[in-house]
Amino acid sequence: MSVWAAEEVIRRSVRLCRPVHQQLSLLVSTSTFTPSARQKLTHIQKQSHRREAWCLVSSARFYSQERNVTDEPKETDVENNAVTEQRQWQSPFLKHLLRCGSPSDVLDLTRLYSPTSREVSSSLMHMWVVAKKMSEDQRRYELQLMFEHPAFDELLQKAMRSFSLMRHEDMAYTLLSMVNLGVPQRSRVIQTSLRTVQEKLNDFDEKCLSILASCLEHMEDSPNVDAMKAGMRLVVEERLSGIKNVVTLQTIMRLLGKDAPKELKWKLEKKALSMTEQFSVPNAQCMISTLVTMGFYSKPLLDVCSRKISENLHGIPFSRLLKLLQAYKELLHRDFHLLTAVSDYIASTMDIWTNKQLLLLLSVFESLAFCPTAVMDAYADKVIADPDMLTLKDVLCVLKVFSSLNHDLRRQRQPFLDGLSRALDSYLPRMSAFALLKSVYFFCLLGHFPSAPLEKLLQGSSLQQLTGSRLLKSRERMLHTVDLCLRLDRPPLPQPLTFPSSVLDVPSPSRSSLHPWLLEGLQRLLEGRDHVTLQHAVVEEDVYLIDAVITRPVGGADGAERRPPAESSQRIAVIHAAPSKFCFGSSNPRGPLALKIRHLEVLGYRPVLVSEQELQSVSEEQRTDFLRERIFPEHLRSERRAEAEPAGC
């Protein structure tokens with residue numbers, strides 16, 4: 001053996017056995033990082049030392065049970081690696097490899113030939129490529145055969161011995177393939193590969209970093225993985241300006257995840273915004289899901305991606321469209337233009353969607369508090385045409401969405417509700433008490449009162465199931481709402497239905513002080529009006545809290561004297577509502593608020609809604625005029641009429 005070869009074997013042996021904290025020391029000493037980055041790596045080294053990473057790695061066995069396995073490269077590997085790499089393109093191995101249709105075929109091939117380090121990497125990669133194209137059941141069976149194949153153990157031994165001799169790209173692909181194939185992540189071959197990559201990390205180019213990030217993204221936490229992620233973070237921070245590929249940037253962003261410092265997230269955001277001209281539609285979709293993975297809200301990026309997607313909706317499959325809407329929900333972000341475009345697109349292609357897909361999309365829209373008018377009108381037509389297509393789960397979903405979003409179906413309303421009632425009646429014999437309560441509650445929000453579900457709900461057995469155990473807040477609220485609707489709406493039923501007094505407790509409405517801006521505006525508005533009174537926090541039916549009640553005489557003082565007391569005054573209920581009480585992007589109140597307005601009208605009030613956004617959008621000087629226009633619109637009409645009349649001679 002030559003002196004050079006002996007020294008090389010010793011050097012590589014020492015390196016492969018070196019603990020994680022010593023490897024990081026080598027990484028620091030050989031890196032081209034700035035002093036600040038070198039200090040950060042030193043800090044990671046100390047943390048790794050505290051965790052005693054070597055104890056864990058040494059206890060993690062190699063996949064093989066053989067005792068003579070070593071992770072050191074053989075002397076012949078060191079001396080002949082260059083020759084074998086040159087000969088690999090002349091070898092028939094790669095030609096035969098492309099014909100292999102299963103992992104077992106690849107393993108059989110490795111027993112016929114002695115693969116080089118490059119061919120070992122190609123073999124593992126090809127095994128994963130063919131496996132992921134299989135069905136789930138077939139892939140599970142083939143991977144089981146792979147683990148039982150005697151050549152698999154031999155291939156992993158060769159991978160561990162030759163890993164340090166591979167090109168950087170082959171290293172990344174080899175590690176990714178082993179992890180995807182299900183090789184135990186605590187095994188010796190995986191941990192050895194991770195430690196070797198740690199040493200080479202500074203030399204990895206953009207593509208190799210992207211492959212490595214894809215691999216680490218799905219690996220379990222361990223000292224070596226944590227150290228690798230910390231090193232990746234430093235490398236990315238140093239090389240961020242040089243990244244040119246959008247997919248690489250997104251892969252690294254997902255790897256860094258929620259634990260990335262805010263400063264680094266802002267740098268990544270700035271880099272992504274500089275690359276927006278390169279975004280394709282899949283890039284835009286992936287960027288939104290990447291922001292979810294990072295737990296990072298970036299309105300500029302979301303706006304760019306939303307605009308790109310809304311202009312290219314045709315051809316986006318259902319799964320991606322659903323994930324897009326779910327990502328908006330997780331990020332607490334809504335783009336009115338995109339949501340409207342998605343709604344119009346779904347409505348125009350209604351025939352290509354299954355009923356299950358439409359209901360999933362409607363549910364996500366409802367969770368976003370967005371009313372997809374076009375989709376709801378088109379889906380109502382489907383229900384009217386064939387209500388029997390709905391399962392019980394479908395009926396409950398449709399009732400929840402339509403009652404929550406309070407969409408006005410106009411002429412479709414009654415046929416639609418009758419169709420839902422007919423579909424629900426067919427499931428009454430086998431419905432649970434809670435499902436029955438939910439369906440009746442949703443119908444009450446819609447102002448529809450089917451007799452059969454109501455009669456079954458008020459039977460003693462159903463109420464006993466609902467109230468026999470501890471009554472949950474949600475069920476208590478639903479029961480009170482149904483009782484209130486029966487008393488105030490007084491629906492025309494075959495027989496009068498009421499709740500037993502023993503079932504319901506008296507609810508306690510939430511008390512809240514009147515918004516100071518609204519109070520100040522109302523006081524200014526009513527200055528000088530002697531016959532007008534203002535009350536705060538008025539409660540009706542022990543449930544409905546009214547922020548302010550303005551009472552004024554009707555038709556002047558003389559007219560008030562000739563009217564009965566109940567008709568001589570008008571009560572205006574001013575309701576200050578948060579944005580969440582309205583459908584997004586509109587002034588349409590959602591289900592519970594719409595029910596409150598309906599019942600206040602039954603009780604003789606004229607409800608006036610003042611949204612929080614509207615109140616904040618006007619200045620202090622304009623606030624009085626804004627409230628006057630809302631509360632006393634007849635004064636504004638008379639003023640405009642007077643302005644329109646020609647002046648007298």
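Each residue takes its place number in the sequence, starting with 1. It should be emphasised that the depicted structure is a prediction, and the values quoted were computed from it without experimental measurement. Values below: every heavy atom of this structure, side chains too, minus hydrogens, waters and symmetry copies.
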If you measure only the distance, is there a donor-acceptor pair under 3.5 Å linking the side chains of Asp381 and Gln412? yes

Do side-chain atoms of Arg606 reach the backbone of Leu600 as a donor and acceptor pair under 3.5 angstrom? no

Rounded to the nearest 0.5 Å, what's the gap from CG on Leu338 to NZ on Lys308? Could you check? 14.0 Å

Quick one: does Gln535's side chain have a donor or acceptor within less than 3.5 Å of a partner on Val549's backbone? no

Does Arg99 come within less than 4.0 Å of Asp105, counting only side-chain N to carboxylate O? no

Strictly distance-based, threshold 3.5 Å: is any side-chain N or O of Lys456 a donor or acceptor partner for the main-chain N or O of Ala433? no

Minimal non-hydrogen separation, Leu405 against Cys371, with atom names: CD1-CA, 4.0 Å

After noting the C-alpha distance and the side-chain angles of Ser177 and Asn180, does the key distance pass the side-chain hydrogen bond (donor to acceptor under 3.5 Å, both in side chains) rule? CA-CA 5 Å; Ser177 302; Asn180 287 340; over 6 Å; no

For residues Glu366 and Ser404, report the shortest heavy-atom separation together with the two atoms involved. OE2-OG, 2.9 Å

Minimum-distance pair of heavy atoms, taken over all atoms of Pro372 and Phe370: CD-O, 3.0 Å

Side chains of Tyr605 and Glu540: donor-acceptor distance under 3.5 Å anywhere? yes

Nearest heavy-atom approach of Tyr379 to Met350 is N-CE, 4.0 Å

Test log, rule side-chain contact (heavy atoms from CB on, under 4.5 Å), inputs Phe582 and Leu609: CA-CA 11 Å; Phe582 299 89; Leu609 282 177; 3.8 Å; yes

Assess, by modelled atom type and distance only, whether the side chains of Ser421 and Asp418 contain a donor and an acceptor separated by less than 3.5 Å. no

Heavy-atom pair of closest approach, residues Pro607 and Ile575: CB-CD1, 4.4 Å

For the residue pair His333 and Tyr328, does the interplanar ring angle fall in the parallel (under 30°), tilted (30 to 60°) or perpendicular (over 60°) class? tilted

For the pair Asp483 (side chain) and His480 (backbone), establish whether a donor and an acceptor sit closer than 3.5 Å, ignoring hydrogens and angles. no

Measure the spacing between OG1 of Thr293 and CE of Met253 and express it to the nearest 0.5 Å. 9.5 Å

For the CG atom of Asp489 and the CZ atom of Arg598, what is their distance to the nearest 0.5 Å? 4.5 Å

Residues at least two apart in sequence or cross-chain that pass ring pair (Phe, Tyr, Trp, His ring centres under 6.0 Å) with Phe279, listed by chain then number, are none

Quick check against the 3.5 Å criterion: does Asn406 have a side-chain atom that pairs as donor or acceptor with the backbone of Pro589? yes

Strictly below 4.0 Å, N to O, side chains only: are Arg140 and Glu136 in salt-bridge contact? yes

Are the side chain of Arg590 and the backbone N or O of Ala369 linked by a donor-acceptor pair below 3.5 Å? no

Full working for side-chain contact (heavy atoms from CB on, under 4.5 Å) between Leu522 and Ile631: CA-CA 10 Å; Leu522 290 176; Ile631 298 172; 3.4 Å; yes

Main chain of Thr354, side chain of Gln357: is a donor-acceptor contact present, judged purely on distance under 3.5 Å? yes

Phe632 and Ile572: which non-hydrogen atoms are nearest, and at how many Å? CE2-CD1, 4.0 Å

Inter-residue atom distance Ser474.OG - Tyr441.OH, 0.5 Å rounding: 10.0 Å

Short question: side chain of Lys323, backbone of Phe318 - any donor-acceptor pair under 3.5 Å? no

May I ask you to check whether His337 and Ser306 show a side-chain donor-acceptor distance below 3.5 Å? no

Let me confirm one number: the CZ-OG1 distance from Arg307 to Thr276, rounded to the nearest 0.5 Å. 8.0 Å

May I have all residue pairs that pass ring pair (Phe, Tyr, Trp, His ring centres under 6.0 Å) and include part of residues 390-410, sequence neighbours excluded? Phe402-Phe416

Measure from the side-chain N and O atoms of His576 to the backbone N and O of Leu518, and report whether any donor-acceptor pair falls under 3.5 Å. no

Have Thr391 and Asp394 got a donor and an acceptor in their side chains that come within less than 3.5 Å? yes

Verdict with reasoning, Glu455 to Gln459, per side-chain contact (heavy atoms from CB on, under 4.5 Å): CA-CA 6 Å; Glu455 290 174 2; Gln459 289 177 357; 5.7 Å; no

Working to the nearest 0.5 angstrom, can you tell me the gap between Leu361 CG and Leu321 CG? 6.0 Å

Using distance alone, with no hydrogens and no angle criterion, decide if Gln250 and Thr290 have a side-chain donor and acceptor under 3.5 Å apart. no

For Gly521, does its backbone N or O pair with a side-chain atom of Arg623 as donor and acceptor, under 3.5 Å? no

Salt-bridge criterion met for Lys299 and Asp303 (N-O under 4.0 Å): yes

Scan side-chain atoms only and decide if Glu614 and Ser611 contain a donor-acceptor pair under the 3.5 Å cut-off. yes

Where at least one partner belongs to residues 326-346, residue pairs that pass salt bridge (Lys or Arg N to Asp or Glu O under 4.0 Å), sequence neighbours excluded: none

Distance-only polar pair, side chains of Tyr345 and His314, donor-acceptor under 3.5 Å: no

